[in-house]
Structure formats: C-alpha cells, structure tokens
Amino acid sequence: MSIYLRNVLRFILLVLIQVLLLNKIPLRWWSNPGGIPPYTPYIYPLFILLLPLSAPVPFMLIVSFVMGITIDAFMDTGGIHAAACVLMAFVRTNVLAALLPKRLSEYANMSPNIKSMGWTPFLTYSVILLAIHHILFYIIEIWSFQSIGYLLLKITLSLLTSLLFVTLYSLFFSSSINTAYHD
Amino acid sequence: MRNFILLIRRFWNIILFLILEVISMSMISRSRNMQGMDIVSSSNAVTGYIYKKQNDIVYYFQLKRLNDSLLNENARLRNELAGRSNIDTFSDVIARIPVTIKDTTAKKDSSGATFTSTGSVKVVRYASYHYIPARVINNSISNDRINYLTINRGARDGVRREMAVVTGNGIVGRVADVSERYARIVSVLSDRKVSTKLSDGTSNLITVWNPGSPDYVVTEKVPVYTKVKKGDSVFTTGYSFFPENVLIGTVARIDTMKATNSKNLKIKLSTNFRNLQYVYVVEDKVGEERRQLEARAKQN
C-alpha cells in the first residue's frame, strides 16, 4: 500500500473512532465516578504523530489543520482543535530531532512508531506532543485561569485516557504501522 | 526584493504556522461572539448524515429505556389532561367552551369574552405553542463552555432559530443553527441563563450552569427570606424563550451566602443529558408578536 493511501485511510479511521466511539465515552455514567468532571479522550492526534518523517513541515501544518477542522465540524468547537493540531505539527520536528539519535534526514521512508523508535522513545514523544495539544486545547476551551486546579484536572484526565487509547491503537495496528516504511 | 523573497522562504514554516493559527483563532472568536455563525458545525449535511447513520444503529439498543420514558410521559400527560378536560390548549383550532354563569347583570366584558343572553360565555382560546418531535443524533456534555446537541429536524420541518427545546420532563436548550435537515441546539449546559421561579411563586430568579457536572445547575441570588427546602421543584417562567411552568429540576442543596445576603440553590436537573433520545422543539406562535412589542418598548 502506498504511503499516501495508508495515511488517507488512517485519517478516516481515526476520525471515525474519535467521533463515533470516544466522543460517546463522557456520556456514560461510569466514565466519571465520584464527581470527576466529564472528559473526552482524544485519539485523532495520533494521525499527526504517525506522519512520515520525510514529510515537509508546510505540508504537515496544512494536513493537521484539515484534521483539526474535520474534528471541529463534528464536535462544534469552532476551531479549537485546528489551533491545537497546528501547534502540535509545528513542534513535532523539534521534538523528534531531540529524541532520535541520528539526523532526521537519515531516516528515509520511515515514520515515527513503536517498531522504529522503541517503546520508551515513542511514548515520550507521544506524551510531549499530546500534552502540548491538550494544554492548548483546554486553555482555549476554558479560557480562564480562575480555577487552575480544574484546568489541570481536565488536562490530566484527558491526557491519561488519550495515552491509553493511543497505546491500544498502536498495539492493535502495530503490524500495519510497521511493514510499510520500516526498512 | 530578492532579499525579501529569500526572507519569506527562510521563515516560510513560521509564516504558514502563524497564518493557520490566526485563521483558527478568528474562527473560534466568530463562533464565541455570534452564536450559530460558525463556519464549520455539526448541522451540515456530511456530519449530520454520519451522526444520523450512527444513531440509527445505536437506537435499537435503547428501545427498552425509551419505551419506559414514553410510557411515563404518557401517564403524566393523561393525568394533566384529566385535570383540565374542558380546555383544549394543544390543538390548533379555536375551542369554544360554554360556561354557565350566575351573573346576569353584565352583558359584555371588557376583556373580550362575549356574554350571550342564555347566560353562557364563549371563551376564545388559541393554542400558543406547537411541539415538533425530534430525535437527538449527537450529544455532548464534556465541553466547559457550550455544549451542543444535533437533532434530525431542520428548516424543512419548520424548525427556526431561537426556538425552545424541551423533553417530556425537563428543559434542554434552544436552537442555535438550522440547516435543511438538521438543527444544532445550545443546551442548558452552557453559559446561557434560564429565567426561573420556585414552587412557592418566588419569581425573577436566574439559573446558570457551572462547568464540571452535567447533572446540576445553580439558581443564584435567591432572597434569604424565601422558604425553600430540599426536594422542592423549580420551574421556568414565561419571561424568557421557554414555555411557562416547565420543570427544571429539584433542589439538591441550599447554600446561604452571608456576603450577599442570599441563597444559592444547587438543582438536580430533571432532564438526563446523558441519554437524551427524543426532544420536542417548541414553536411559539405568538412569540414573534411579543418580541416586536418588546423591541418597540425598548426603542421608546
């Protein structure tokens, strides 16, 4: 499967998982026991995490903007997801350059994933980028620093559950993620 | 000029990043300042279609609970109907109800009720509300500012902006945005205020939602002298866009504020926002006339 087709399919799959499954989690009574505020796990940033290493930055910015706008249309958030996604795509290259041992140009035809990077670097990479995404998202969404505790609680809850689903997705689709670009 | 182009090429990534961020920020501020003016929203054809397909599937798993709630509502409506069997407020037609009166001195009343010589009075009543049933195809409760619902009725079915939306036993919100087949509703779980009255008649109160829980709202600045106890019902008034006397919920906790000399009531919503399935869009037939009158009063 070509690299483009694979990414387009992943785009559609992740949007559907996000919109049809994960957005329904806060509606269930068991998702917030004991007065925990309702939170949503976000799996769609994984699309930006898994873009090929060779993708140029302007291309990544535009693709993440499109991804954010799509989620915004489904979730009625105006443009918050788009803003968070664009920031995430912008800092992605720097985070990768700091985490990977070699220069980025030496990893041809590869995408950052568990098999190519290993568990610990990949999870570090996801935690950093997801944290950036979630922090910007919730700051714009809540737009007040009066209750910092509430803001931090929402960010933490959402980040932990997002990480859980990102890990699950990587485990389920690990074979399909690895075969194409890894050489 | 050449240097300028080189400069742009060098900082192209940052420039593009800033452009995209500015676009998203302007979209966010647009959606915040002008309700229902979003460029992207869940009432458009594609998202509406996907939500509708999903709801068609999930729908079957909820039939049992749905049946129970409809049965309860039926029973409640039948009770209400039995109490006022001589007034037909829900149908569209003019109801003429003969009422026999003892008073024979007055021939014509100033309020428009005409007395006939036989001693019966014709009361002319118009139904002022029309209810459009709709199915909720998307629902959110986890946003901290505004939560939206999407329903499968749109402009084609007579839904207009600013109409109130209720369920069988509580309030839901108001219509923010309408497309051909779908409509988007700002739910009560947002910063919109609801005009409220208590069961003892204390009126002029305001209910708002505090982010954090989809089950509770807060009625603010209740005067300390009002007698309120836990479990009392709280209703809407006719001042805002909701129909009068729709149940909001029951008082769950009473906090007395020493500083402002008032009470804050924490109210358990009677609407369960977690499993909304059917709602009614309320068309206010005389609302337009009232709004014009109030606008005229504001001009003077």
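Numbers restart at 1 for each chain; the letters A, B, ... are given by sequence-line order, proteins then strands. Treat the numbers as computed from the prediction; the structure is a model and nothing was measured.
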| Can you name the residues that form a side-chain contact (heavy atoms from CB on, under 4.5 Å) with B:Arg135, not counting sequence neighbours? | B:Asn55, B:Asp56, B:Tyr59, B:Asn152, B:Gln277, B:Tyr278
| Is any side-chain heavy atom of A:Phe90 less than 4.5 Å from a side-chain heavy atom of B:Glu21? | no
| task | Could you grab the distance from atom CE of A:Met75 to atom OG of B:Ser142, nearest 0.5 Å is fine? | result | 5.5 Å
| query | Hey, are the side chains of B:Ile28 and A:Ile140 touching, using non-hydrogen atoms and a 4.5 Å cut-off? | reply | yes
| query | Between the side chain of A:Glu141 and the main-chain N/O of B:Asp144, is any donor-acceptor distance below 3.5 Å? | reply | yes
| query | Does B:Arg274 use its side chain to pair, donor to acceptor, with the backbone of A:Pro26 at less than 3.5 Å? | reply | yes
| message | Has B:Tyr51 got a side-chain atom pairing as donor or acceptor with A:Phe74's backbone, closer than 3.5 angstrom? | response | yes
| query | Is there side-chain contact between B:Ile23 and A:Val86, with heavy atoms separated by less than 4.5 Å? | reply | no
| query | Does the side chain of B:Leu16 come within less than 4.5 Å of A:Val57's, by heavy atoms? | reply | no
| said: To the closest 0.5 Å, what do you measure between CD1 (B:Ile146) and CG (A:Asp76)? | reply: 10.0 Å
| message | I want to check something: taking the side chain as every heavy atom from C-beta on, are A:Pro38 and B:Pro214 in contact at a cut-off of under 4.5 Å? | response | yes
| task | Write out, in numerical order, the residues from residues 147-162 of chain A with a heavy atom short of 4.5 Å from a heavy atom in chain B. | result | A:Tyr150, A:Lys154
| request: Write out, in numerical order, the residues from residues 63-72 of chain A with a heavy atom short of 4.5 Å from a heavy atom in chain B. | output: A:Phe65, A:Ile69, A:Asp72
| Within-4.5 Å side-chain heavy-atom neighbours: B:Gln54 and A:Leu16 | no
| field | Partner residues of A:Pro56 under the side-chain contact (heavy atoms from CB on, under 4.5 Å) criterion, sequence neighbours left out | value | A:Pro58, A:Phe59
| Run the side-chain contact (heavy atoms from CB on, under 4.5 Å) check on A:Leu20 and B:Ile50 step by step: do they pass? | CA-CA 9 Å; A:Leu20 301 184; B:Ile50 291 178; 4.1 Å; yes
